[in-house]
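Here is the naming used below: chain letters follow the sequence lines, and residue numbers restart at 1 for every chain.
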Amino acid sequence: MNERADQAGAAATLPEVAVEVVGLHKWYGEFHVLRDINLKVARGERIVICGPSGGGKSTLLRCVNRLEDWQRGRIVVDGVELTEDPKRILAVRRDVGMVFQQFNLFPHLTVLENCTLAPIWVRHMPKREAEALAMTFLARVKIPDQAGKYPARLSGGQQQRVAIARALCMNPNIMLFDEPTSALDPEMVKEVLDTMVELATDGITMLVVSHEMGFARQVADRVILMDDGQIVEVNEPKKFFDAPQHERTRLFLKQILH
Amino acid sequence: MSAIGDQSFSYLRGIPLGPEPPPTTRAGPFGWLRANLFSSPANIALTLVCVLLIVWFVPPLVRFFLVDAVWSGADRDACLASPVQPHPGACWAFVRVWFSYFVYGFYPLGERWRVDIFFLTLAFGIVWLLRLSAPRRDIGAFYFFVILPILSFVLLHGAPLVGLAVVSTALWGGVLVTVVVATIGIVFSLPLGVLLALARRSEKPVVKWAAVTFIEFVRGVPLITVLFMASVMLPLFVPERLAPDKLVRALIGVALFASAYMAEVVRGGLAAVPPGQYEAARALGLTYWRMMGLVILPQALRVTLPNIVNTFIGLFKDTTLVFVVGIFDFLRTIEAARADPKWAAPNTAVTGYAFAAIFYFVCCYAMSRYARRVEARLARAGRR
């Protein structure tokens, strides 16, 4: 449980529960942003979290790789409990990929260098090997021809696909997506969602904060509604959309689907 | 069909319009003059004022420093007014005679070749390190930061082991001292400044407050005070035998002083890097130092490059202040030489100062130009 490194590379030994959140509370000053969150994500499960803004969706996601800390409760990722210990935090981050709303590509590096940075400096992979790996993932997100360009030259959709490739280059067990299509022009949403759908069919564990209900319906195993820092409803997509159990869910769906 | 539909024009484009070249406006030299110098009454007035200023100032300066200047001579008589030259100009003869003193100070005559080699190796290192197209700049950096300091010490200070006599730093002077102080100050202030800036943004209160105290204290006192403290107060705490050399003390003072300013410049750059960059780097599992070294600092230093060079230029000129602790830097050697009664002539001092001004201007302008070129190159690379 404490030596995550021993398990690295041997996917078979990964625990069945990918992410376990128990009694999680978080405050921003006086503001109680997460209130008693309990969630178990099975290996290979795909979860879409939706809900009104300010409901704590992104905060919960960012707790999973400890970009945010919390005051009460615990989170176990791939069998490693996240504590203050920086070694554990780094170990978890190495195996959890994250894609941000604003892409957050490194503007001073080319697309290829963005992808090889972490494999080289975190995984200590030889440069040539890391570049070959990056090219396969860039090919998978269908932009191998942009490898030599700087991110500023790319469209939003292309940048987000590079960001996905960059995360995949670390060979993560779990992928976190924090509103990956919210900052995109409408005509670019589809290319990013297609990439994510393809990723979902590979069986990687995915936690996605998104309002793309079509995506949720298509790939999610479970859909979660968060509001006021609480999980209001957890349901399989069909039931979530067609027969929501909670009034709050019904209201939310009505608002976003018009 | 309505009446509008029958008309010869339409709101919709029927045939797609291809791109056309932009209209050519007033071209040629007269076009340029009109657009840039005489475009409006205010602009015309400004142009005329500038022309007047040039006519007023430039010819007398040219006459004084070039036409009427005295280029050779053995002593003050050459630069004094005489029937042959009723209005003598700049006394360059003075600069020529004292030139080697301005460059080497009291460095022993027979050992000055060592200083020349130092200048050459330093120039070589600077070009290798800074020339963007130079090959193997990693080796260049190793040469500049490891080999060159050792080589310079052996050359300038001397090493009896290899047959080079020790030359006390008390004999160093002129351009040599200025270059040594400025180079050490520049080379040390950047890394120290980066560390201080990072410490100031640290989440650990002790580290943060130590950095804040140092930066605010050093910035709050004049450089002269720092130099006095380094040269007068340090020996009070350290036994004389162990106390470092006077020049070394001044070097430490200058480097620490410059690093406090550099820290604030770098801090500005760090603040300009969006939080998302930190988050992305951390999410990839990079450690703090790798995140800083590979992701944050390259971006922060890039946006602050003009300010960094600005600080370097200020530092280069501030090195003249080491004279207050009795070190003969370039400006001090000119001061000393102009007091020589043998060269007491009305224009000696002016010429000496003009020479100093040219030296400082050339060095600072070179730094400025280099920074501009790097900026332009970074802009071309399409990086934000």
Side-chain angles (χ1 to χ4, degrees), chain A residues 4 8 58 61-62 64-69 86-110 113-124 148-154 162-163 166-172 174-178 183, chain B residues 132 136-138 190 194 198-199 201-207 266 268-308 371 373-384:
Chain A
R4 177 71 192 80
S58 290
L61 199 70
R62 291 154 57 88
V64 173
N65 64 354
R66 211 168 158 109
L67 286 182
E68 303 275 352
D69 63 355
K87 277 195 192 128
R88 289 184 180 209
I89 296 175
L90 285 176
V92 165
R93 284 178 184 163
R94 272 161 207 175
D95 292 335
V96 177
M98 184 156 191
V99 175
F100 298 87
Q101 182 177 355
Q102 300 294 341
F103 328 137
N104 293 349
L105 293 178
F106 305 133
H108 61 300
L109 300 177
T110 63
E113 287 164 345
N114 262 280
C115 293
T116 57
L117 184 84
I120 289 173
W121 291 96
V122 178
R123 294 255 190 256
H124 307 293
K149 288 191 183 168
Y150 286 95
R153 296 279 169 89
L154 270 51
V162 172
R166 177 175 73 176
L168 291 176
C169 281
M170 285 295 281
N171 196 17
I174 300 168
M175 283 287 285
L176 309 175
F177 291 85
D178 188 2
Chain B
L132 301 171
R136 293 313 299 266
R137 286 169 69 208
D138 49 341
L190 187 57
V194 167
L198 293 179
R201 288 168 65 91
S202 169
E203 287 168 0
K204 301 187 180 78
V206 176
V207 175
V266 174
L270 289 174
V273 178
Q277 294 291 311
Y278 291 84
E279 287 173 2
R282 283 159 65 199
L284 285 170
L286 292 171
T287 58
Y288 174 82
W289 290 108
R290 296 232 161 103
M291 168 177 83
M292 283 299 167
L294 297 168
V295 176
I296 306 301
L297 282 173
Q299 296 182 56
L301 296 182
R302 204 156 274 173
V303 294
T304 56
L305 187 68
N307 290 333
I308 291 173
R373 273 189 44 202
V374 173
E375 278 171 53
R377 195 180 120 111
L378 294 179
R380 263 205 312 281
R383 314 168 178 193
R384 262 230 265 267

(message) Let's test your reading of the structure: which of B:Thr287, B:Leu286, B:Leu284 forms the most heavy-atom pairs below 4.5 Å with chain A?
(response) B:Leu284
(request) Counting only heavy atoms closer than 4.5 Å, note whether B:Arg282 contacts chain A via side chain, backbone, both or neither. (result) both
(request) State whether the side chain of B:Gln277 and the backbone N or O of A:Leu105 hold a donor-acceptor pair below 3.5 Å, judged by distance alone. (result) yes
(request) Against chain B, label A:Val96 side chain, backbone, both or neither, depending on which of its atoms sit under 4.5 Å from a heavy atom there. (result) backbone
(request) Of all the heavy-atom pairs spanning B:Ala280 and A:Asn104, show the shortest one and how long it is. (result) CB-O, 3.5 Å
(message) Any heavy-atom pair between the side chains of B:Val295 and A:Leu109 that's under 4.5 Å?
(response) no
(message) Looking at every non-hydrogen atom in both residues, tell me the closest pair between A:Leu90 and B:Gly285 and how far apart they are.
(response) CD2-O, 3.5 Å
(message) Donor-acceptor check, side chain of A:His108 to backbone of B:Leu294, threshold 3.5 angstrom: yes or no?
(response) yes
(message) Taking every non-hydrogen pair under 4.5 Å, which of A:Met98, A:Arg62, A:Lys149 racks up the most with chain B?
(response) A:Arg62
(request) Calculate, to the nearest 0.5 Å, the distance between atoms CD and CD belonging to B:Glu279 and A:Gln102 respectively. (result) 10.5 Å
(message) Between A:Arg166 and chain B, with a heavy-atom cut-off of 4.5 Å, which part of the residue counts as in contact: side chain, backbone, both or neither?
(response) both
(message) Please classify the contact of A:Phe100 with chain B as side chain, backbone, both or neither, using a heavy-atom distance under 4.5 Å.
(response) side chain
(request) Just give me the residue among A:Val99, A:Asn65, A:Leu67 that pairs up with chain B most often, heavy atom to heavy atom, under 4.5 Å. (result) A:Leu67
